[in-house]
Amino acid sequence: MRSLLTPWRLVAALLLLVLLLLGVAAQQFRLFERGLFVLQEWRHASEWRERSIWLPDYRVVIEAKPIEGLSDDVSALTYDPDRHSLFTVTNQKPEIIELSLDGHLIRRIELVGFGDPEAIEYISKGVYVITDEREQRLLKVRVDEGTTRVDAAASQQLSLGIGLSGNKGFEGLAYDTTGQRLFVAKERDPVRIYEIHGFPHTNPDKPFAVHVVDDPKRDARLFVRDLSSLQYDDRSGHLLALSDESRLVLELNADGRPISTLSLLRGMHGLKRGVPQAEGVAMDNDGNLYLVSEPNLFYVFSRQVAD
């Protein structure tokens, strides 16, 4: 009898191990929260579709286009409404890269004194903020038509020693031009979105005072493993958060609650293949979404509402 039961015990032990591993994976990748959200997303579609970005309506129109002339890893993305172009940064060889809206290389600008640039964000005409991830620095820089070189030593800087964790620092930026708020994403361990008031300093007639808002309870609701990039939408007041490891773009309302998603997995939103290491997201004035993926792939998604 013992010899007959032994194989069944072995099978039961293996099944138990598989269930435990699946449970750990589900917890690690926040699968339960993500599955529950999908049900809520469609239930509230009629409520949110007309007053939000509403990511389920987006479909890919340019997929995995290599950025010719660029072999370095791109990181983050921002839209410049004055130049009608996109800006990203590279960190292996620190540079600002300007791209056309169809993913062509326009120019390269050398960065001097930047240790690990990870994000760039448009603030106003000719003014941007760049993050230095390892040192948790924010640097205000100026770029015009003739700029070929930007030196960190000549830039307004803000250093924030928040949750220092090596190469898991400031990974994404977004700016609310109306509220003059700079959103800063901490990549992971833990995931955080900080709201910074007072930087960059734009009014020389007022004292330079910085206020940082942190909401750990809000950020704990984000069912993503990391944050790679941010984008603020002035029309809706909503924030887009890109997660490379979760292969997902989240739309967050003004209270920081997720209300819609765009999956970057194969077969979703018209994708023939999954997006491999998504690093940057940006949105233009027409609501088109732009993504860059390491080392140099370019994507465009447009909203296509069914009649």
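Start at 1 with the first residue, then count along the sequence. All values derive from a computational prediction rather than experimental measurement.
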Is the closest side-chain heavy-atom distance between Asp219 and Asp214 below 4.5 Å? yes
In Å, rounded to the nearest 0.5 Å, how long is the span from OG of Ser52 to CD of Glu251? 4.5 Å
To the nearest 0.5 Å, atom CD1 of Ile67 lies from atom NE2 of His104 at 10.5 Å
When Pro117 is tested against each of Val150, Ile130, Thr90 for side-chain contact (heavy atoms from CB on, under 4.5 Å), which residue passes? Ile130
Please walk me through it: do Leu248 and Phe223 pass side-chain contact (heavy atoms from CB on, under 4.5 Å)? CA-CA 10 Å; Leu248 196 67; Phe223 42 87; 3.9 Å; yes
Do Glu98 and Arg83 sit within salt-bridge range, that is, some charged N less than 4.0 Å from a carboxylate O? yes
Do other residues, nucleotides or ligands put more than 12 heavy atoms under 6.0 Å from Arg218 CZ? yes
Find out whether Leu173 and Phe183 are in side-chain contact, i.e. whether some heavy atom of one side chain is under 4.5 Å from a heavy atom of the other. no
Ala174 and Leu239: which non-hydrogen atoms are nearest, and at how many Å? CB-CD1, 3.8 Å
Would you compute the distance between atom OG of Ser124 and atom CZ of Arg142 and round it to the nearest 0.5 angstrom? 7.0 Å
Starting from the C-alpha separation in whole Å, work towards a yes-or-no answer on side-chain contact (heavy atoms from CB on, under 4.5 Å) for Val213 and His197. CA-CA 8 Å; Val213 178; His197 299 257; 4.1 Å; yes
From the list Phe301, Phe298, Tyr290, side-chain contact (heavy atoms from CB on, under 4.5 Å) partner of Ile62 resolves to Phe298
Taking it one step at a time, do Arg192 and Glu187 satisfy salt bridge (charged side-chain N to carboxylate O under 4.0 Å, His left out)? CA-CA 7 Å; Arg192 284 284 187 273; Glu187 183 179 4; over 6 Å; no
So does Val249 get a backbone contact from the side chain of Thr261, meaning a donor-acceptor N/O pair under 3.5 Å? no
Taking all non-hydrogen atoms of both residues into account, name the closest pair between Val191 and Val224 and its distance. CG2-O, 4.2 Å
Should the ring pair Phe87 and Tyr128 be called parallel, tilted or perpendicular, given that the plane angle runs from 0 to 90° and is split at 30 and 60? tilted
Straight-line distance of Arg303 CZ to Leu262 CG, nearest 0.5 Å: 12.0 Å
Side-chain donor-acceptor pair present, Ser85, Asp80, cut-off under 3.5 Å: no
Among Ile97, Val143, Leu99, Ile96, the one residue meeting side-chain contact (heavy atoms from CB on, under 4.5 Å) with Arg107: Val143
Can you tell me if NZ on Lys65 sees more than 12 non-hydrogen neighbours from other groups inside 6.0 Å? yes
Roughly how far apart are Ile120 CD1 and Thr131 OG1, rounded to 0.5 Å? 9.5 Å
Could you go through the side-chain hydrogen bond (donor to acceptor under 3.5 Å, both in side chains) check for Tyr58 and Asn288 one step at a time? CA-CA 9 Å; Tyr58 278 78; Asn288 298 305; over 6 Å; no
Does Tyr232 have its ring centroid less than 6.0 Å away from the ring centroid of Tyr175? no
Does this structure show an ion pair linking Arg137 with Asp132, if we count only N-O contacts that are shorter than 4.0 Å? yes
Any Gln231 side-chain heavy atom under 4.5 Å of Tyr79 side chain: no
Closest heavy-atom contact between Ser260 and Pro56? CB-CD, 3.6 Å
If you apply the rule salt bridge (charged side-chain N to carboxylate O under 4.0 Å, His left out), what do you find for Arg181 with Asp176, and how did you get there? CA-CA 5 Å; Arg181 299 177 294 168; Asp176 170 13; 2.9 Å; yes
Are the side chains of Val300 and Leu291 in touch, meaning some heavy atoms are under 4.5 Å apart? no
I need the minimum non-hydrogen distance between Asp244 and Pro276, along with the two atoms involved. OD1-O, 4.4 Å
Over 12 foreign heavy atoms within 6.0 Å of CZ, Arg59: yes
Applying side-chain contact (heavy atoms from CB on, under 4.5 Å) to Val129 and Val141, what does each step give before you reach the verdict? CA-CA 6 Å; Val129 168; Val141 303; over 6 Å; no
Got more than 12 heavy atoms from elsewhere within 6.0 Å of CD, Glu110? yes
Rounded distance (nearest 0.5 Å) linking atom CZ of Phe199 with atom CD of Gln180: 13.0 Å
Determine yes or no for a side-chain-to-main-chain donor-acceptor pair under 3.5 angstrom, with Ser243 supplying the side chain and Leu227 the backbone. no
Check whether any side-chain heavy atom of Pro200 lies under 4.5 Å from a side-chain heavy atom of Gln156, and answer yes or no. yes
Does some side-chain heavy atom of Tyr299 sit less than 4.5 Å from a side-chain heavy atom of Leu289? no
Given side chains that start at C-beta, do those of Leu271 and Leu265 come closer than 4.5 Å, heavy atoms only? no
State, without any angle test, whether Glu171 and Ser228 hold a side-chain donor-acceptor pair at a distance under 3.5 Å. no
Exercise: do Asp57 and Gln304 side chains pair donor with acceptor under 3.5 Å: no
For Leu240 and Leu242, what are the C-alpha separation, side-chain angles and deciding distance, and is it a side-chain contact (heavy atoms from CB on, under 4.5 Å)? CA-CA 7 Å; Leu240 294 180; Leu242 170 65; over 6 Å; no
Return the minimal non-hydrogen interatomic distance between Asp255 and Arg221, and the atom names on each side. O-NH2, 3.5 Å
More than 12 heavy atoms of other groups within 6.0 Å of Arg51 CZ: yes
Please tell me whether Leu77 and Leu105 are part of a single hydrophobic cluster in this structure, the criterion being side-chain heavy atoms less than 4.5 Å apart. yes
Would you kindly confirm whether Val127 and Leu139 end up in one hydrophobic cluster when ILVMFWY residues are joined by side chain heavy atoms under 4.5 Å apart? no
Quick one: sort the Phe170 and Tyr194 rings into parallel, tilted or perpendicular, breaks at 30° and 60°. perpendicular
Looking at Arg235, I want to see if its CZ is surrounded by more than 12 non-hydrogen atoms of other residues, nucleotides or ligands under 6.0 Å. yes
Considering non-hydrogen atoms only, spot the tightest contact between Lys272 and Glu63 and give its length. N-OE2, 2.9 Å
Looking at side-chain heavy atoms only, is the closest gap between Leu250 and Leu252 below 4.5 Å? yes
Ser75 and Asn91: CA distance, side-chain angles, deciding distance, side-chain hydrogen bond (donor to acceptor under 3.5 Å, both in side chains) verdict: CA-CA 8 Å; Ser75 185; Asn91 50 26; 4.8 Å; no
